[in-house]
Amino acid sequence: MAKIIITNSLEKEINKKFKKESVRIFELIYSLRENPKKGKELGNVGRIVIKEIRYEGFRFYFITDGVKLKFLELKELNDLLIKFVAMSDKKSQQKTIEEIKRILKLFGEVGFD
């Protein structure tokens, strides 16, 4: 089972925007524990891959180790870390992806608290 981390700022943003519906979103996010290969790949910075999952008109972005994700079987992904870092709507999708890439290039994974 993969380990899921949600940045504090993203968790607050989800709770503020979706209120009661946030429970469904967190269920969707935590479903990646069992199926970490789920989501659409958007790009990568070095070994780190950027992926998204969708909920209605919103996208939730996460980063993970692309090498492990690509080559290991599901049962071998116990030590895989998936970190959710941002969300956007369709209009600001490209801007958000570019910002994630910029932060990864400058600071690596530690750029996301």
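Below, each value reflects all heavy atoms present in this structure, side chains not excepted, and no hydrogens, waters or symmetry copies. Not measured: the values here are computed from a predicted model.
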query: Between NZ of K90 and CD of E56, what distance do you get to the nearest 0.5 Å?
result: 15.5 Å
task: Verify the neighbour count for atom CZ of R33: are there more than 12 heavy atoms of other residues, nucleotides or ligands below 6.0 Å?
output: yes
- prompt: Got a sec, which pairs hit ring-ring contact (aromatic ring centres under 6.0 Å, His included) with one end in residues 82-101, sequence neighbours left out?
  reply: F62-F84
query: Is there a side-chain contact between L28 and R24, using heavy atoms and a 4.5 Å cut-off?
result: no
query: Going hydrophobic residue to hydrophobic residue with side-chain gaps under 4.5 angstrom, can you get from I6 over to V23?
result: no
task: Would you indicate whether the side-chain heavy atoms of P36 and T64 approach each other to under 4.5 Å?
output: no
message: Over 60° means perpendicular and under 30° means parallel, so tell me whether F18 and F60 are parallel, tilted or perpendicular.
response: tilted
I48 to I63 - nearest heavy-atom pair and separation: CG2-CB, 3.7 Å
field: Heavy atoms from other residues, nucleotides or ligands near NZ of K38 exceed 12 (cutoff 6.0 Å)
entry: yes
task: For residues I29 and I53, determine if any side-chain heavy atom of one lies less than 4.5 Å from a side-chain heavy atom of the other.
output: yes
message: Taking S92's backbone N and O only, do any of them form a donor-acceptor pair with D89's side chain (distance below 3.5 Å, no angle check)?
response: yes
query: Is any NZ, NE, NH1 or NH2 atom of the basic residue among R102 and E99 found under 4.0 Å from an Asp or Glu carboxylate oxygen of the other?
result: yes
- request: Measure the CD1-OG1 distance between I50 and T96 for me, rounded to the nearest 0.5 Å.
  value: 11.0 Å
- request: Dump the intermediate steps for side-chain contact (heavy atoms from CB on, under 4.5 Å) on E52 and Q93, then the final yes or no.
  value: CA-CA 10 Å; E52 75 174 6; Q93 178 182 14; 3.4 Å; yes
task: Nearest 0.5 Å please: distance from the OG atom of S22 over to the CD1 atom of I14.
output: 8.0 Å
query: Is there a side-chain contact between L42 and Y61 (heavy atoms, below 4.5 Å)?
result: yes
- line: Note: N44 and V49 closest approach over all heavy atoms is CB-CA, 3.9 Å
field: Spacing of I5 atom CD1 and L10 atom CG [to the nearest 0.5 Å]
entry: 12.5 Å
- request: Considering non-hydrogen atoms only, spot the tightest contact between K51 and K37 and give its length.
  value: NZ-O, 3.0 Å
